[in-house]
Amino acid sequence: MEAERNGDLKGALAAIRVAMALEPDDPRVANQLARLESLRSVEEAPMFEARALAEEKAGQWNAAALSWLRVVEGRPNDSVVAGRCAFALLEAKLDLKKARDLAQRALDADPNKVTSRTLLARIYVAAGMRSNAKRELEAATKLDPTNEIVKNLLRELG
């Protein structure tokens with residue numbers, strides 16, 4: 001595509017969307033669209049990260065969650081971003097399944113991170129999955145027996 005070769009990602013996306021409208025069943029066009037959208041996500045991730053941090057600071061959790069989701073699109077292998085997005089989704093009381101998946105991704109990257117385990121536990125509590133929450137908190141206790149947040153969450157679960 002000429003627009004892409006000229007560094008015009010927006011123009012390239014517009015052109016491929018027109019092609020997609022004309023040829024909706026063409027897998028080559030669909031693959032090009034997916035590739036260009038992925039490039040756009042990578043390019044825009046820093047802007048959305050800055051926005052998400054500002055929205056968090058202002059307590060705008062719905063907006064922060066949506067911004068973090070855009071960062072996750074651009075950085076799908078960044079476990080820190082996954083955790084931040086999961087936390088924002090939880091605070092906004094939005095998609096708890098997505099929050100769980102992202103928190104699990106963060107935990108998988110570092111199974112010994114107590115904050116990731118407590119985040120996952122909090123998501124489980126919000127989803128009404130108390131036994132899963134308790135399991136995560138017990139694992140967190142083994143990692144850090146003196147952690148007051150973990151102790152308090154366990155007390156709340158009973």
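Every heavy atom of this structure was used, including side-chain atoms; hydrogens, water molecules and symmetry mates were not. Note that the structure is a prediction, hence the values are computed from the model and not measured. Numbers for residues simply follow the sequence, beginning at 1.
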Count the heavy atoms of every other residue, nucleotide or ligand shown that sit under 6.0 Å from CD1 of Ile149, and state whether that count exceeds 12. no

Kindly give the heavy-atom pair with the smallest separation between Leu90 and Ala126, and that separation in Å. CD1-CB, 3.8 Å

Spell out, as yes or no, whether a donor-acceptor pair under 3.5 Å connects the side chain of Glu55 to the backbone of Ala64. yes

Tell me which pairs pass salt bridge (charged side-chain N to carboxylate O under 4.0 Å, His left out) where either residue lies in residues 42-52, with sequence neighbours left out. Arg40-Glu44, Glu44-Arg70, Glu49-Arg75

Scan for salt bridge (charged side-chain N to carboxylate O under 4.0 Å, His left out) pairs involving residues 85-95, sequence neighbours excluded, and state none if there are none. Glu91-Arg122

Applying a strict under-4.5 Å side-chain criterion to I, L, V, M, F, W and Y, I'd like to know whether [X] and [Y] cluster together.
X	Y	answer
Leu143	Leu119	no
Val18	Met20	no
Met47	Leu66	yes
Val125	Leu120	no

Can you list every ring pair (Phe, Tyr, Trp, His ring centres under 6.0 Å) pair that touches [range], not counting sequence neighbours?
range	result
residues 36-55	none
residues 15-40	none
residues 66-102	Trp61-Phe87
residues 94-121	none

Taking only residues two or more places apart in sequence or in another chain, which ones pass side chain to side chain donor-acceptor pair (under 3.5 Å) with Ser131? none

May I have the list of side-chain donor-acceptor pairs in residues 133-142 shorter than 3.5 Å, sequence neighbours left out?
{"from": "Glu136", "atom 1": "OE1", "to": "Arg117", "atom 2": "NH1", "distance (Å)": "2.6"}
{"from": "Thr141", "atom 1": "OG1", "to": "Leu137", "atom 2": "O", "distance (Å)": "2.9"}

Less than 4.5 Å apart, side chain to side chain, heavy atoms only: is that true for Val114 and Val150? yes

State, with a plain yes or no, whether a side-chain heavy atom of Ile123 is found less than 4.5 Å away from one of Leu89. no

Rounded to the nearest 0.5 Å, what's the gap from [atom1] on [X] to [atom2] on [Y]? Could you check?
X	Y	atom1	atom2	answer
Leu107	Thr118	CG	OG1	10.0 Å
Leu157	Arg155	CG	CZ	11.5 Å
Leu53	Lys57	CG	NZ	10.0 Å

Listing, residues 98-106 side-chain donor-acceptor contacts under 3.5 Å, not counting sequence neighbours, or none:
{"from": "Asp101", "atom 1": "OD2", "to": "Lys97", "atom 2": "NZ", "distance (Å)": "3.4"}
{"from": "Gln104", "atom 1": "NE2", "to": "Asp108", "atom 2": "OD1", "distance (Å)": "2.8"}
{"from": "Arg105", "atom 1": "NH1", "to": "Pro76", "atom 2": "O", "distance (Å)": "2.8"}

For Ala127, which residues count as a side-chain contact (heavy atoms from CB on, under 4.5 Å) partner, sequence neighbours excluded? Leu96, Met129

What pairs with Arg130 under salt bridge (Lys or Arg N to Asp or Glu O under 4.0 Å), at least two apart in sequence or on another chain? none

Check residues 21-28 and write down every donor-acceptor pair under 3.5 Å in which the side-chain atom is one partner and the other belongs to a residue at least two apart or another chain.
{"from": "Asp26", "atom 1": "OD1", "to": "Arg28", "atom 2": "N", "distance (Å)": "2.9"}
{"from": "Asp26", "atom 1": "OD1", "to": "Arg28", "atom 2": "NE", "distance (Å)": "3.4"}
{"from": "Asp26", "atom 1": "OD2", "to": "Arg28", "atom 2": "NH2", "distance (Å)": "3.0"}

